[in-house]
Structures are given as structure tokens and as C-alpha cells.
**Q** 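Quick one: this structure, given as C-alpha cells, is what I'll be asking you about.
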Amino acid sequence: MERRVRVRFAPSPTGPLHIGGVRTALYNYLFAKKNGGDFLLRIEDTDQNRFVPGAEDYIVETFKWLGLSYDEGVGIGGPHAPYRQSERQPIYKQYADQLIANDFAYYAFDTTEELDEMRTKLEASKMPSKYDAASRMTMKNSLTLSEDEVKERLANNEPYVIRLKLPRKEEVRFHDIIRGWVVVQTAQMDDKVLYKSDGMPTYHLANVVDDYLMKITHVIRGEEWLPSAPLHVMLYRYLGWEDVMPQFAHLPLLLKPEGNGKLSKRDGDKLGFPVFPLEWKDPATGEISSGYRESGYLPAAVINMLSFLGWHPSDNREMFSVEDLFNEFTLERVSKNGAKFDLNKALWFNHEYLQLQNNAEIAAKLLPLALAKGYKTNLTYLEKVVALMKEKVNFAKEILEKGTYLFEAPTKYDEGVTSKKWKLGVPEFLTAYLEKINTLPTYEATELETSFKNLATELAQNPGQLMQPLRVAVSGEAGGPPIFEMLELLGKEEVNKRITKAVAEIVIVT
RNA sequence: GGUCCCUUCGUCUAUCGGUUAGGACACCAGGUUUUCAUCCUGGUAAGAGGGGUUCGACUCCCCUAGGGACUACCA
């Protein structure tokens, strides 16, 4: 029987989601959409010590920003609620008990000190320092203690954990959609704690139990989970769920652009690009880390960029809308090797998506920012600014940053230009030009340009030598949008003011 | 250290035994813009090394090297 595809993204709320986590969520989402299945958001907060306030909201907010809608999960509920593991606490114990009853797990009473001692001893004798089939018989657990003592300890509420009882020598194999067959010997594994002394399950137990109860069909997660996947396979087997065990797909990691190691939360802004989707303020330290959203990245660009970090279609297309990805995403085409994050590519994607947005839309987003900067402007004018500047920038907000002179008269003039091109005769020319264009019936770019060239010819001057002075007089900058379009946008009154001011202020350097 | 995973241009990658090893970003050059940028055209640039298997290997196998992950009562 074909089961309905159900996948989940199951982050732990220990801080802001980083961009690698976002990609994992994205791949889950795309896979669900592609296969007409469900995408769930489950919060794995079984470690109360690492809980960070605001982290869960941050995740939900990230999903909203990127448009990754989920079918069940925190905030919206669903048939398998609750979706927060801390609220599912009562569920897990019975499965741990079931494992004990079937002799697949046991109680362990060892203290931290005893555990440490065991490990240092084993290490000293060059033995693998694991709590396993070999070492467990030297420890304090329900396999070594008498039945009465175990009962007594439990009755006295002595702290205990429940450990998985792994066979000494057995082969565990499973098929990973991305990596193929993975084989591990139980001799290399250890008797992982499934149930902690604080009454909470560990990740391993909670994850398997919830995936089973929530009818998850595919576990798509980061490669850091690959080493514990065999343990999870054993859990499915011992719990009697092997026939409905999800298929695994372990995603390659996102690596730092330079040097070695995986991209981690700590990298923050040190690398010149955000590691987080949204800006994050650490509640403990107050430290702020930048986010893609606040940096001006477009959701569609982030999705496209992220989807290509580890996945690629069979042809050469690179611009993929979310809908395109729905149609074409397959786990089989996810690559095996880790991907280094590339800032330039991210910028390029954003540039491309910015060009696709219409000017009015961009202008509307920019208006509050422009007003906040103190620019006296409006939507109509802003839209024209966007039209002039859009293709030059990677981020919409750069239009305001690079195009200050489109809103305010320059207060200083590019010295490279003034020192080289602001020569004798230039002020006179500009004044004459002003007079000429002030009589123009329409203040329009082509007219302004024709007048400029005609005047230069009349005065036997090289227009090329005068273009830069004109630009600098009006904008203060050496570069910028096509000069006559800029004049048209600024309008007669403003151009008059600026040129007059420049002529009066710029000193001819001889 | 042990276990597992990975290895094509600087980066992301295509190739599923036979290709002049393709694309994109970045970089370089030329053109457009009498500006900067954009844009257009072109260019530089890769199968980690060594063994096999095969008529033939980037592709399959083995070894070596390198990178990464994991190795908690964290996820």
C-alpha cells in the first residue's frame, strides 16, 4: 500500500535557525509539494537546559517570510497534536518501558562520575570508551544488579536512565536515498540513553516515536545525523515498526566559504554574509546577528540560491521559482558532497530577482525607508528613481544609499572630477546650458541631450569634457545613471538650483 | 584516536563507460554606456594521487591522501 508522503522539519529551539537548517526545511517542503504530501513542523525541545526563548517564534517567522507553509505543526495544530515534544512527554515513557519489557533496553543507575571513570579507564587501556555490550556488565544497571535491588532503587526514586541494549555483534544496514546503502556494525555503536533521568526522552527515542506516530514516510535531515541513523533503525526494529520505517535522506552539509568546517551559528557576521534568515538578537547577551531579510534579500532569491546549494537539475537552468522547484525537485538529484556557501552567487541571485520585481512594488517598499532617511519624496517620484537605478544594484535599499543625490542636493563634489575636469570655461558653459534648457518647451531627456550637444558644438567645445562636470554639478558623484535622464527626473527647478550652486562653489584648480 | 560520509574549473555543479568534460557565479579582455554600474561578446580555469576491471574510465572496484560529520543523561 502506498502511504501518503509525510515529511517533517524538526528543529530544536536552541537559538536562531541557521541557513543550513533553512535549506533542510526547504528540501522537506519541496519534497512534500512535489509528491502531494504533508509537511509538518515539530519542535524538538526535550532538552530544557538548552531552551532559548524566542527561538520557536523565530522559526515560525522564518517560514512565513519564505512562504514555506506547513500542513501540521506548532501554531496551527493538526491531527497529531501537540507538536512540541515537551508537551508530549507522557507519550514516550511507555515505549521505553516496552523496550525494557522486551529485553531491548535496560535501566542504568551510573552516576556521572562513574561514567567518567569507566571512560578514562577504557581510554587508558586503548579500548573504545563506550557504554556497550562489553562494558555494560561492569556498570550499575538492571543487567548487573539483582532484580530486587533494581526494584528497590526504582521504588526509592533513585535517578536512572534507560539505555538501548544493543547486540554485541550484528550488522545494521539501511538504504539512504542520497547515499545508497550504509552499513554499520553494532560493535561500533553504543548503548545510547533513550530516556533521561529528568523524565524526558532523548532525541533518539522522541524522534523515532514521533515519526512513527505522525506517520512520517521520509526523514530528510542533515548529514550530522548519519552516524546515529543505524541506532534509529534499531529502534524501529525493536519497537516493531520496521515495516513502516521512514526512508532516510541525509543532506550534505553547508560549509564555510573559506577555510574548513561546517557553517555554524557562531560564524555570524564574521564571514561577510548573514548566517541567519532573520535578524536575531541573543536574549542572553543582547548581541545582534544580521539576517537575510534585513539585509535586503528577496525570499524568492534566497529560496533559489539555497535550493542550488546541494541540488541541481539535469539541465543548465538556474532561475527556479518555487513552483518550478515543486515540479522538478527530487532527492535523487541532491549531491553527496558538502557545499561551500558563495556570497557572490547569493548577490547575483538577488540581483536577478530584483530585476524581476516591478518598479511600483519596489517603490512602495522603499517609501517608508526613504521617508525615514528624511527624503522629501513620494511614490510617483520613487518609482522613477527605481526605474533609473534598479539594474545597478543587488538590493532595493541600495537604490536609496547609492542614489542619495536623487533626493538631496550634493553637499560635496567628487574631487577626482573637479580637479581634472572642472576647468576654465566650464562654469560659463554650464550657465549657458542652464539658460538654454530653461527655455525648452518640455524638460525631457532627449531634448536636454540635444541642447547639450548643440551648445557644445556652437561653442566649439568637446561635449565629452563637459559631461562629467555637468554630472558632478548635479549629483556630486563621478558615476550614476544616464545624465540627461537624471536631469529630467530632478526637474527644471532642482537642476537650476544645483547647477547654480555648483558654479558658485566649485573652485577651479589650476 | 575510532566509526561513518565525501572528493570534476577558485565556488556551486552537469556528465549516470565512448563528450573538443557543458553551464552559472567570480575573475580577465573587448564592446555598449562619451560616467560608474548594468548589459552583450569572448577568454582563463577542473576529473586529488596510485593501482586495477575494460577495446575504452571522470564515470565501476581497491589502496593512499585530503576534507567533513559523529563519537553526551545536546539535538
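We name chains A, B, ... by the order of the sequence lines, and we start the count at 1 in each one. Atoms considered below: every heavy atom in the structure, side chains included; atoms not considered: hydrogens, waters and symmetry mates.
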**Q** Run the salt bridge (charged side-chain N to carboxylate O under 4.0 Å, His left out) test against A:Lys196 and tell me which residues pass, sequence neighbours left out.
**A**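 Testing A:Lys196 for salt bridge (charged side-chain N to carboxylate O under 4.0 Å, His left out), a comparison that skips the adjacent residues, returns none.
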**Q** If you look only at pairs with a residue in residues 178-192 of chain A, which of them pass as a salt bridge (charged side-chain N to carboxylate O under 4.0 Å, His left out), with sequence neighbours excluded?
**A** A:Arg136-A:Asp191, A:Arg179-A:Glu223, A:Asp190-A:Lys192
**Q** Taking only residues two or more places apart in sequence, or in another chain, which ones meet A:Glu383 in a side-chain hydrogen bond (donor to acceptor under 3.5 Å, both in side chains)?
**A**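 Result, side-chain hydrogen bond (donor to acceptor under 3.5 Å, both in side chains) vs A:Glu383: none returned.
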**Q** It should be established whether A:Thr14 places a side-chain nitrogen or oxygen under 4.0 Å from OP1 or OP2 of nucleotide B:A75.
**A**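 Checking B:A75 against A:Thr14, no side-chain N or O comes under 4.0 Å of OP1 or OP2.
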**Q** Taking only residues two or more places apart in sequence or in another chain, which ones pass side-chain hydrogen bond (donor to acceptor under 3.5 Å, both in side chains) with A:Tyr160?
**A** A:Lys93
**Q** So, A:Glu114 and A:Arg119, do they make that salt bridge, N to O below 4.0 Å?
**A** no
**Q** Looking only at the side chains, is there a donor atom on one of A:Asn141 and A:Tyr131 sitting less than 3.5 Å from an acceptor on the other?
**A**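 Side-chain D/A pair, A:Asn141 to A:Tyr131: present.
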**Q** Considering residues at least two apart in sequence or located in another chain, which fulfil the ring pair (Phe, Tyr, Trp, His ring centres under 6.0 Å) criterion with A:Phe104?
**A** A:Tyr238
**Q** Which pairs, protein N/O on one side and nucleotides 20-25 of chain B N/O on the other, fall under 3.5 Å?
**A**
from  : atom 1 : to       : atom 2 : distance (Å)
B:G23 : O4'    : A:Asn316 : ND2    : 3.3
B:A24 : O4'    : A:Glu318 : OE2    : 2.7
B:A24 : O2'    : A:Glu318 : OE2    : 2.3
B:A24 : O2'    : A:Lys345 : NZ     : 3.2
B:A24 : N3     : A:Lys345 : NZ     : 3.1
B:C25 : OP1    : A:Trp348 : NE1    : 3.4
B:C25 : O2'    : A:Lys345 : N      : 3.3

**Q** For A:Trp225, what residues pass the ring pair (Phe, Tyr, Trp, His ring centres under 6.0 Å) criterion, not counting sequence neighbours?
**A** A:Tyr203
**Q** In chain order, what residues pass the salt bridge (charged side-chain N to carboxylate O under 4.0 Å, His left out) check against A:Lys436, with sequence neighbours excluded?
**A** A:Glu458
**Q** Out of B:C74, B:U13, B:C12, which nucleotide sits closest to the side chain of A:Thr202?
**A**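 Closest nucleotide to the A:Thr202 side chain: B:C74.
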**Q** At under 4.0 Å between heavy atoms, how does the protein contact nucleotides 31-36 of chain B? Give one character per nucleotide, 5' to 3', with B, S or -.
**A** ---BBB
**Q** In chain order, what residues pass the side chain to side chain contact (heavy atoms under 4.5 Å, CB included) check against A:Asp282, with sequence neighbours excluded?
**A** A:Trp280, A:Ala284, A:Thr285, A:Glu287
**Q** Any donor-acceptor pair under 3.5 Å between the side chain of A:Arg50 and the base of B:C74?
**A** yes
**Q** Can you sort out the partners of A:Ser197 under side chain to side chain contact (heavy atoms under 4.5 Å, CB included), two or more places apart, ordered by chain and number?
**A** A:Pro159, A:Val161
**Q** Expressed as a whole number of Å, how far does the P atom of B:U59 sit from that of B:U53?
**A** 15 Å
**Q** A:Arg333 side chain N/O closer than 4.0 Å to the phosphate oxygens (OP1, OP2) of B:U15?
**A** yes
**Q** Show me the protein contacts with nucleotides 69-71 of chain B, counting only N or O atoms at under 3.5 Å.
**A**
from  : atom 1 : to       : atom 2 : distance (Å)
B:A69 : OP1    : A:Lys262 : N      : 3.3

**Q** For a quick test of reading the model: is some side-chain N or O of A:Lys336 closer than 4.0 Å to OP1 or OP2 of B:U13?
**A** no
